[in-house]
Amino acid sequence: MENNKRPENMARITTKALADAFIDEQVRELREQIGDKKVLLALSGGVDSSVVAALLIKAVGKRLVCVHVNHGLLRKGEPEQVIEVFRNQMDANLVYVDAADRFLDKLAGVSDPETKRKIIGAEFIRVFEEEARKLSGIEFLAQGTIYPDILESDGVKAHHNVGGLPEDLQFALVEPVKLLFKDEVRVVGKALGLPDGMVYRQPFPGPGLGVRCLGAITRDRLEAVRESDAILREEFAKNGLAGKVWQYFTVVPDLRSVGVKDGVRTYAYPVILRAVNTTDAMTATVEDVPFALLQHITARITAEVPGVNRVLYDLTPKPCATIEWE
Ligand code: XMP
């Protein structure tokens, strides 16, 4: 699309009234642009693609086809939430693709972090392309590009894997939130009625838990990442940290250590907890999580997650560490 520059006099969307005005204008423009054609969207469940989906549902209803690809590397409960919100509550035309086995088979034995990312990205395009080919009459591709994507890169979402579709599937782009900053996207999402869990969600990398299950991904360690992450999120929510800490997650390395449980020697994996604060993800500081809470989370993870016998807290800021471990 031609206009990628935010007008200098464009008011910051900070209130419901401003969000409602933005939504009305976008709905009008989207109807005009799309007419009676169909539009396709890769819906990850992240705030940007969810807001784009909700806007398009309002504008063109079932002529929006959302494709949610479950690559097996999503957090616990995420695919279910996408189905509940978009199919059950918003009555969207949602194609759900369970491609977990496919991704995990492709990733088997691959330990290099960048190779893992490339495989996940390439496989995502392949799955999305297959779904696109099953549909007829699609003329537009919607994307959750936001203004920082335009400012920081060449206008393509760094983790937006659909950029690599083949020539015959090059649809016209629809990018209704491309002039908005993240906080504005959240205000618009709230005004569109999306649940808080989606609107205020912490950042989550495109390759998902794949970069938190270190080295070659195995199903047992991947489940340990998913289950320990769910416990960490639950405890942070219960203890008022969920809305305060910028990003928090768990990591499972591919090394084991000796432990003891019920008088029996174990040889199992550690879980590493990470909780950081930042404004731009370029530098980050470590959250000062209360020690008693760390102990409680440790007790829960070692009791509830199979194959885990230790929990560690990562105290390293960025730099010299990065936020993720891979
Ligand atoms: P690092 O680890 O580089 O992370 O300090 C900075 C922020 O970027 C996120 N991140 C990613 N996001 N695809 C994404 O969409 C990726 O491959 C990726 N790697 C890191 C990370 O979660 C953090 O918020």
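In each ligand, atom 1 is the first atom listed, and ligand 1 is the first ligand listed. Computed from heavy atoms alone, side chains included, the values below leave out hydrogens, waters and symmetry copies.
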Inset, instruction - Applying side-chain hydrogen bond (donor to acceptor under 3.5 Å, both in side chains), run through H296 and E235 and close with a yes or a no. - result: CA-CA 9 Å; H296 176 63; E235 291 299 332; 3.2 Å; yes
Inset, instruction - Report the member of K318, M282, R117 with the shortest heavy-atom distance to atom 3 (O) of ligand 1. - result: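 Nearest heavy atom to atom 3 (O) of ligand 1 lies in K318.
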Is there a nitrogen or oxygen of [X] sitting under 3.5 Å from a nitrogen or oxygen of ligand 1?
X	answer
A281	no
P205	no
R212	no

Inset, instruction - Please check if atom NZ in K118 has more than 12 non-hydrogen atoms from other residues, nucleotides or ligands closer than 6.0 Å. - result: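 For K118, atom NZ is not crowded (no more than 12 foreign heavy atoms under 6.0 Å).
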Legend entry - Partners meeting side chain to side chain contact (heavy atoms under 4.5 Å, CB included) with E227 (sequence neighbours left out):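 Checked E227 against side chain to side chain contact (heavy atoms under 4.5 Å, CB included); matches are K76, E223, V305.
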Legend entry - Partner set under side chain to side chain contact (heavy atoms under 4.5 Å, CB included) for R133, not counting sequence neighbours: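 R133 satisfies side chain to side chain contact (heavy atoms under 4.5 Å, CB included) with E129, P166, D168, L169 once adjacent residues are dropped.
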Inset, instruction - With heavy atoms of T322 as the reference, note each atom of ligand 1 found under 4.0 Å away. - result: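 That gives atoms 1 (P), 2 (O), 5 (O) of ligand 1.
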Inset, instruction - Taking only heavy atoms of W246 into account, list the atoms of ligand 1 that are under 4.0 Å away from them. - result: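 The list of qualifying atoms is 24 (O).
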Inset, instruction - Determine the minimum heavy-atom distance between L173 and Q33, stating which atoms define it. - result: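 Distance-wise, the nearest heavy atoms are O-NE2, 3.5 Å.
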Legend entry - Region of P207 engaging ligand 1 - heavy atom pairs below 4.0 Å: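 The answer is the side chain.
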Inset, instruction - State whether Y96 and R87 meet the cation-pi test: NZ (Lys) or CZ (Arg) under 6.0 Å from the six-membered ring centroid, and within 45° of the perpendicular axis. - result: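 Because its charged atom misses either the 6.0 Å distance or the 45° angle limit, R87 does not stack over Y96.
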